*Asks:* 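Mind having a look at this structure? Questions to follow.
In this text the structure is predicted, and so the values were computed from the model without any measurement.
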Amino acid sequence: YNLLSLINDLVELAKLENGNAKDVSASVNPKNFIEDLLKVLSDRIDRNKIEFMIDVDDTVNKQIKIDSQKLRYILTNIISTSLRQMESGKITISVSMPASNKLNFKINDTSSGIPSSKLKDFFKPFAPFDLGSNKVTGATGLGLTLSKKYIEFLNGSIEVGSTIGK
């Protein structure tokens with residue numbers, strides 16, 4: 001499975017870099033979308049140790065048009081990275097749509113944090129293997145890189161912040 005994931009990620013990166021990627025937008029309910037995604041992810045975690053919170057602001061339309069396949073990939077990779085950094089705690093997913101009329105996702109977790117010296121490399125290929133945690137398993141090392149490229153392809157932006165111990 002990991003080899004197939006790695007090959008798929010490489011193909012997608014190549015498409016993005018060559019300008020061959022396609023935006024396949026569809027109408028999606030953001031809250032339902034996230035709830036469905038978390039149901040899939042919850043199979044991989046101990047629900048007694050990890051708590052998910054979802055906060056969708058009233059500013060978010062009930063239906064949005066977005067490439068749901070790319071959004072699913074992005075959120076799955078970012079949430080999975082949070083899960084790999086923690087054994088127990090809480091992951092909060094907040095969604096808003098500020099005046100810029102762009103969908104804004106904020107994902108907070110209660111992990112021990114990532115050293116500030118590692119943040120500049122967060123979206124570089126294979127960086128998750130060196131984030132200061134020995135818990136990284138089942139990752140190809142390209143998920144965060146491809147997630148960032150997808151976000152940029154969809155005219156978005158992403159940033160990461162972390163404080164050790166908070």
Side-chain angles (χ1 to χ4, degrees), residues 1-2 5 8-9 12 24-98 100 102-116 118-119 122-123 127-154 156-166:
Y1 172 76
N2 282 341
S5 294
N8 286 336
D9 286 356
E12 288 300 313
V24 185
S25 293
S27 186
V28 173
N29 177 303
K31 185 169 183 160
N32 292 345
F33 182 86
I34 294 168
E35 287 172 349
D36 291 344
L37 176 66
L38 293 180
K39 284 177 191 170
V40 172
L41 288 174
S42 68
D43 291 342
R44 293 194 237 167
I45 62 161
D46 183 345
R47 295 292 260 156
N48 295 322
K49 293 184 178 182
I50 305 286
E51 177 186 5
F52 284 116
M53 302 291 293
I54 302 171
D55 178 28
V56 179
D57 193 81
D58 291 338
T59 60
V60 177
N61 297 333
K62 298 293 182 208
Q63 293 290 318
I64 58 167
K65 192 165 179 140
I66 194 162
D67 188 323
S68 61
Q69 183 177 356
K70 288 178 179 63
L71 180 59
R72 181 175 293 107
Y73 185 91
I74 293 163
L75 293 176
T76 298
N77 274 280
I78 294 171
I79 294 167
S80 293
T81 300
S82 287
L83 288 169
R84 288 184 189 105
Q85 298 294 317
M86 57 197 302
E87 292 181 23
S88 63
K90 179 168 62 172
I91 296 175
T92 304
I93 303 161
S94 303
V95 186
S96 62
M97 190 172 265
S100 66
K102 285 190 174 187
L103 203 55
N104 182 355
F105 287 88
K106 185 173 184 179
I107 300 171
N108 291 319
D109 66 50
T110 58
S111 71
S112 59
I114 300 169
S116 59
K118 307 280 185 187
L119 292 178
F122 192 76
F123 295 105
F129 295 105
D130 191 30
L131 291 178
S133 170
N134 58 3
K135 291 190 70 217
V136 177
T137 59
T140 65
L142 293 175
L144 292 172
T145 303
L146 184 54
S147 293
K148 184 173 193 239
K149 297 252 186 211
Y150 275 160
I151 290 166
E152 292 166 350
F153 175 76
L154 297 170
S157 62
I158 187 168
E159 58 187 66
V160 61
S162 184
T163 304
I164 296 293
K166 293 191 177 189

*Asks:* Under 3.5 Å, is there a donor-acceptor pair linking the side chains of Asp67 and Tyr73?
*Replies:*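 Side-chain D/A pair, Asp67 to Tyr73: absent.
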*Asks:* For the backbone of Lys90 and the side chain of Thr110, can you confirm whether one donor and one acceptor N or O come within less than 3.5 Å of each other?
*Replies:* yes
*Asks:* Between Lys148 and Glu152 (salt bridge meaning N to carboxylate O under 4.0 Å), is one present in this structure?
*Replies:* yes
*Asks:* Any donor-acceptor pair under 3.5 Å linking the side chain of Asp109 with the backbone of Ile91?
*Replies:*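 Checking the backbone N and O of Ile91 against the side chain of Asp109, no donor-acceptor pair under 3.5 Å is found.
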*Asks:* Rounded at 0.5 Å granularity, tell me how far CG in Asp55 sits from NZ in Lys106.
*Replies:*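 Result: 11.0 Å between the selected atoms.
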*Asks:* Do Ile93 and Leu38 make a side-chain contact, defined as non-hydrogen atoms from C-beta onward lying under 4.5 Å apart?
*Replies:* yes
*Asks:* Around Lys149, counting heavy atoms of other residues, nucleotides and ligands shown, do more than 12 lie under 6.0 Å from its NZ?
*Replies:*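 Open: at most 12 neighbouring heavy atoms sit under 6.0 Å from NZ of Lys149.
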*Asks:* Distance from Ile74 atom CD1 to Leu154 atom CG, nearest 0.5 Å?
*Replies:* 5.5 Å
*Asks:* I need the Leu71 CG to Thr76 OG1 distance, nearest 0.5 Å.
*Replies:* 8.5 Å
*Asks:* Side chains of Asp57 and Ser94: does their closest heavy-atom pair fall under 4.5 Å?
*Replies:*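 Contact flag for Asp57/Ser94 side chains = no.
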*Asks:* Any side-chain heavy atom of Leu37 sitting closer than 4.5 Å to one from Arg72?
*Replies:*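 Yes. Closest side-chain heavy atoms under 4.5 Å.
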*Asks:* Side chains of Phe33 and Ile64: closer than 4.5 Å at any heavy-atom pair?
*Replies:*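 Result no, sub-4.5 Å side-chain heavy-atom pair not found.
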*Asks:* Looking only at heavy atoms, what is the nearest atom pair of Gln63 and Ser27, with distance?
*Replies:*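 Taking every non-hydrogen atom into account, OE1-OG, 2.8 Å.
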*Asks:* Using a 6.0 Å cut-off, check whether atom CD of Glu35 has over 12 heavy atoms from anything other than its own residue.
*Replies:*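 Correct, the count exceeds 12.
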*Asks:* Of all the heavy-atom pairs spanning Asn61 and Met97, show the shortest one and how long it is.
*Replies:* ND2-SD, 3.9 Å
*Asks:* Working to the nearest 0.5 Å, report the span between CZ of Phe122 and CD1 of Ile78.
*Replies:* 7.0 Å
*Asks:* Rounded to the nearest 0.5 Å, what's the gap from CG on Leu103 to OG on Ser96? Could you check?
*Replies:*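 Going from CG on Leu103 over to OG on Ser96, the span is 7.5 Å.
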*Asks:* Which pair of heavy atoms, one from Val56 and one from Val60, lies closest together, and at what distance?
*Replies:* CG1-CB, 3.9 Å
*Asks:* Do you know the tightest heavy-atom contact between Ser25 and Lys65?
*Replies:* CB-CG, 3.7 Å
*Asks:* For a quick test of reading the model, state the closest non-hydrogen atom pair linking Ser162 to Gly113 and the distance between them.
*Replies:* OG-CA, 3.3 Å
*Asks:* Identify the heavy atoms of Pro30 and Lys62 that sit nearest to each other, and give their distance.
*Replies:*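 Between these two residues, the closest heavy atoms are CD-O, 3.4 Å.
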*Asks:* Is the backbone of Phe123 close enough, under 3.5 Å, to the side chain of Thr145 for a donor and an acceptor to pair up by distance?
*Replies:* yes
*Asks:* Find the distance between CG (Leu146) and CD1 (Ile151) and round it off to the nearest 0.5 Å.
*Replies:* 10.0 Å
*Asks:* Verify, without hydrogens or angle tests, whether Thr59 (side chain) and Pro98 (backbone) share a donor-acceptor contact under 3.5 angstrom.
*Replies:* no
*Asks:* In the structure I gave you, are the side-chain heavy atoms of Ile79 and Phe52 within less than 4.5 Å of one another anywhere?
*Replies:* yes
*Asks:* Is there a donor-acceptor pair under 3.5 Å between the side chain of Ser80 and the backbone N or O of Asn77?
*Replies:*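 Not at all, since once roles are kept as given, no pair shorter than 3.5 Å links the two residues.
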